[in-house]
*Asks:* 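Pasting a structure below so you can have a look.
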Amino acid sequence: MMSPELRKALYTHLQTAIEIELSTIPIYLYTYYSIQRQPQDTDSLPNGRALATFANKAGGLLMSVAVEEMLHMSLSCNILRALGGEPKLYCRSPGAYPTNLPHHKAGFAVGLEPLSAHQLDQFKVIEVPEAEGAPPQSDNWDSIGQFYRYIVELIDQTSDEDYGRADKQLAAHRGYYSPNNVDTVYPKDAYYIQQPEDPFNPVKRGAEQAQYPNNKDSGHLRRIRCKHDAKMAIHSIMLQGEGYTNDPSHKRDDPEGNEVSHWYKYDALRQEINSFSASDLSLIIQPFPVNPTRAGYPAAFLPLVDLANAVYSYLFLLTETAYRLDGEAQESLFYVGMHKGMIFILDKILGGMRYQYLNNKAGQVLAPTFENYQFNSLATAKQELIDLCLAVPASLGLDSNILGRIRDLPDVNVGPDGIVRF
């Protein structure tokens, strides 16, 4: 059995791993929502086709990374839960941007910025492959790989008997984690829609164009039942981010060679973005502010900003609560709540915000701040969410379906009977 010192070290560093992912998810999502994947003004440009294709590709690759960061967060949560710990996600996102990653070497800061060459350079630093011979480090690390290899060293000191809480983990093959979704897929040629459609096979045109950046068998959510499971989960996180350390290109992250690593995806986009001028890019990139805050926005927009932050925080509260449940209760809370909340609520709110102009000199639009929202209590959190939605004036253009969808979310105030109520 683990010593108290080893248990404390694992709990601490696995929670840090969770918070590293919580730091990157909003940053990647912010840049994703800055991209107009269906630009309206590119047709007349000589390179309009290439520009529209790049917009779709950049959006798909960014979301593909964000999806896998959510997977990595869940894998770290599963290991922590297997060892008897309790993952903390609610209100654990960075308090302000720009931010350094937890325990990263000082001097690095990345923030909420629209798509740009500079932002892609920052993303490459986040996912940078570890240097040859770099030691595992719990603190002051240069690459995430160094930090995760330190966790592997701690796991090596455990025994299989230490992993006894499989029932309280998110399980594989339950629909909790889908490697691809409608936002990760992108076409090889954005102008494919102009090609003739086969009336006998109308889906063929799109199917032949579809690119799926995440491979379904290159890494997945797994229950942690033993030391080997824990090490495999950590190795999956490392490879998906930085690729194979013995491959100088760091291109692939799976043995089949079907999926590109996070670092390589960002490196490819960084090279490709140089093909376009600032004027070109303005047609596919929304004029998002840099590191916006609630305090910096005009009061008229705050009801929508508050709702976005509250939904974002509620989703992590749902996930954290799910780790205290099992069986149907856990499935209802996470699968129904997290996925419905992310795809049908948060996505629609964030996608709609960018059409609200701030009427400032820079011509910027409203963008999410991804600030933690503190609910008064678990007992009232869902009702608070409903009240925030009701407080958004019609002038802010909130999708009329959002209120009903919020009311359909599960309540995090799960009673002692273990039943999830909607």
Side-chain angles (χ1 to χ4, degrees), residues 28-29 31-68 70-71 115 172-221 240 243 251-262 264-269 271-273 275-276 280-281 283-286 335 339-340 342-348 350-352 354 399 401:
Y28 292 162
L29 288 179
T31 300
Y32 170 82
Y33 282 104
S34 76
I35 302 169
Q36 177 54 266
R37 295 185 66 175
Q38 295 180 314
Q40 305 298 312
D41 302 313
T42 59
D43 291 357
S44 61
L45 297 178
N47 63 344
R49 186 171 189 158
L51 185 60
T53 300
F54 173 75
N56 254 290
K57 179 180 179 180
L61 292 183
L62 268 163
M63 183 56 77
S64 77
V65 174
V67 166
E68 287 194 331
M70 296 174 197
L71 166 66
L115 180 66
H173 312 301
R174 297 282 185 87
Y176 290 152
Y177 165 69
S178 175
N180 286 292
N181 59 49
V182 67
D183 291 325
T184 65
V185 181
Y186 63 92
K188 287 183 284 188
D189 178 0
Y191 280 24
Y192 78 94
I193 200 72
Q194 297 178 1
Q195 299 170 4
E197 181 181 278
D198 183 348
F200 300 103
N201 190 3
V203 301
K204 180 181 179 181
R205 182 178 61 177
E208 290 179 343
Q209 283 285 327
Q211 301 294 294
Y212 298 91
N214 289 343
N215 186 34
K216 65 180 180 180
D217 62 358
S218 67
H220 55 81
L221 189 58
Q240 287 183 345
K251 183 174 184 178
R252 303 297 181 184
D253 71 10
D254 63 316
E256 299 83 8
N258 293 329
E259 182 174 306
V260 175
S261 71
H262 296 177
Y264 195 91
K265 288 175 181 178
Y266 289 142
D267 186 57
L269 291 176
Q271 295 179 45
E272 197 168 344
I273 201 171
S275 303
F276 306 104
D280 291 336
L281 294 173
L283 299 177
I284 66 167
I285 301 172
Q286 296 287 101
Y335 182 58
H339 283 71
K340 177 177 282 190
M342 180 66 74
I343 297 171
F344 297 109
I345 301 176
L346 186 63
D347 176 74
K348 300 301 179 289
L350 302 188
R354 57 189 183 173
D399 187 319
N401 295 309

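Along the sequence shown, residues are numbered consecutively beginning with 1.
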*Asks:* Quick one: CD1 on I35 to CG on L62, what's the gap to the nearest 0.5 Å?
*Replies:*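 Output value for this atom pair is 5.0 Å.
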*Asks:* Do S64 and K265 get their side chains close enough for a donor-acceptor pair, meaning under 3.5 Å?
*Replies:*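 Yes - a donor-acceptor pair under 3.5 Å links their side chains.
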*Asks:* List the residues meeting side-chain hydrogen bond (donor to acceptor under 3.5 Å, both in side chains) with D280, not counting sequence neighbours, and say none if there are none.
*Replies:*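 Result, side-chain hydrogen bond (donor to acceptor under 3.5 Å, both in side chains) vs D280: N47, S277.
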*Asks:* Residues in ring pair (Phe, Tyr, Trp, His ring centres under 6.0 Å) with Y186, at least two apart?
*Replies:*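 For Y186, no residue satisfies ring pair (Phe, Tyr, Trp, His ring centres under 6.0 Å) once neighbours in sequence are set aside.
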*Asks:* Determine whether Q240 and E259 make a side-chain contact, defined as any pair of heavy atoms from C-beta on separated by less than 4.5 Å.
*Replies:*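 In contact.
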*Asks:* Can you check whether N181's main-chain N or O pairs, donor with acceptor, with T184's side chain at less than 3.5 Å?
*Replies:*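 Checking the backbone N and O of N181 against the side chain of T184, a donor-acceptor pair under 3.5 Å is found.
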*Asks:* Could you check whether any side-chain N or O of E197 sits under 3.5 Å from a backbone N or O of P199, counting only pairs where one atom can act as donor and the other as acceptor?
*Replies:*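 No, the answer is negative, given that no donor and acceptor are paired below the 3.5 Å cut-off.
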*Asks:* Are the side chain of Q209 and the backbone of Y192 linked by a donor-acceptor contact shorter than 3.5 Å?
*Replies:*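 No; judged by distance alone, with no hydrogens or angles, the pair does not exist.
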*Asks:* Any chance you could measure N56, atom CG, to Q38, atom CD, to the nearest 0.5 Å?
*Replies:*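 Going from CG on N56 over to CD on Q38, the span is 7.0 Å.
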*Asks:* On a heavy-atom basis, which atom in P179 and which in N214 lie closest, and how many Å separate them?
*Replies:*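 The answer is O-ND2, 2.8 Å.
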*Asks:* Looking only at heavy atoms, what is the nearest atom pair of A190 and P187, with distance?
*Replies:*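 What the structure gives for the nearest pair is CA-CG, 4.0 Å.
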*Asks:* What is the minimum heavy-atom distance between K348 and I343, and which atoms define it?
*Replies:*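 Looks like NZ-O, 3.1 Å.
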*Asks:* Roughly how far, to the nearest 0.5 Å, is CG of L346 from NZ of K340?
*Replies:*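 So the gap between those two atoms works out to 15.0 Å.
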*Asks:* Search all heavy atoms of L115 against all heavy atoms of I285 and return the closest pair with its distance.
*Replies:*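 Taking L115 first and I285 second, the nearest heavy atoms are O-CD1, 3.2 Å.
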*Asks:* Can you tell me how far the CZ atom of F54 sits from the CD1 atom of I284, to the nearest 0.5 Å?
*Replies:*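 It is 5.5 Å, given to the nearest 0.5 Å.
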*Asks:* For D267, give me all partners under side-chain hydrogen bond (donor to acceptor under 3.5 Å, both in side chains), at least two apart in sequence or on another chain.
*Replies:*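 In terms of side-chain hydrogen bond (donor to acceptor under 3.5 Å, both in side chains), with neighbours along the sequence ignored, D267 is linked to K124, Q271.
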*Asks:* Under the rule for side-chain hydrogen bond (donor to acceptor under 3.5 Å, both in side chains), what residues qualify as partners of S34, not counting sequence neighbours?
*Replies:*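 side-chain hydrogen bond (donor to acceptor under 3.5 Å, both in side chains) check on S34 returns nothing, list empty.
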*Asks:* What closest approach, in Å, do V260 and R252 show between heavy atoms, and which atom pair accounts for it?
*Replies:*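 Taking V260 first and R252 second, the nearest heavy atoms are CG2-NH1, 3.4 Å.
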*Asks:* For the ring pair Y33 and Y28, is the centre-to-centre distance below 6.0 Å?
*Replies:*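 Y33 vs Y28: aromatic centres not under 6.0 Å.
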*Asks:* Applying side chain to side chain contact (heavy atoms under 4.5 Å, CB included), name anything that partners Y191, two or more places apart in sequence or on another chain.
*Replies:*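 So Y191 forms a side chain to side chain contact (heavy atoms under 4.5 Å, CB included) with T42, D43, R49, A52, D189, Q194.
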*Asks:* Measure the spacing between CG of L269 and OG1 of T31 and express it to the nearest 0.5 Å.
*Replies:*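 Between atom CG of L269 and atom OG1 of T31 there are 11.0 Å.
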*Asks:* Are E272 and K57 ion-paired here, with the side-chain N under 4.0 Å from a carboxylate O?
*Replies:*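 A salt bridge is present here (some side-chain N lies under 4.0 Å from a carboxylate O).
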*Asks:* For D41, enumerate each residue passing the side-chain hydrogen bond (donor to acceptor under 3.5 Å, both in side chains) test, keeping only those at least two apart in sequence or located in another chain.
*Replies:*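 Once residues adjacent in sequence are excluded, D41 has no partner under the side-chain hydrogen bond (donor to acceptor under 3.5 Å, both in side chains) criterion.
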*Asks:* Between I193 and R205, is a side-chain contact (heavy atoms from CB on, under 4.5 Å) present by the stated rule, with each step listed?
*Replies:* CA-CA 8 Å; I193 200 72; R205 182 178 61 177; 3.4 Å; yes
*Asks:* Of the non-hydrogen atoms in L29 and A66, which two are nearest, and what is the gap between them?
*Replies:*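 Smallest interatomic distance, heavy atoms only, reads CD2-CB, 4.0 Å.
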*Asks:* Compare all side-chain heavy atoms of N401 with those of F344 and state whether any distance is below 4.5 angstrom.
*Replies:*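 No, every pair of side-chain atoms sits at 4.5 Å or beyond.
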*Asks:* Cut-off 3.5 Å, side chains only: do H262 and E68 have a donor facing an acceptor?
*Replies:*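 There is such a pair between these side chains.
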*Asks:* Rounded at 0.5 Å granularity, tell me how far OH in Y32 sits from CG in D347.
*Replies:*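 Output value for this atom pair is 6.5 Å.
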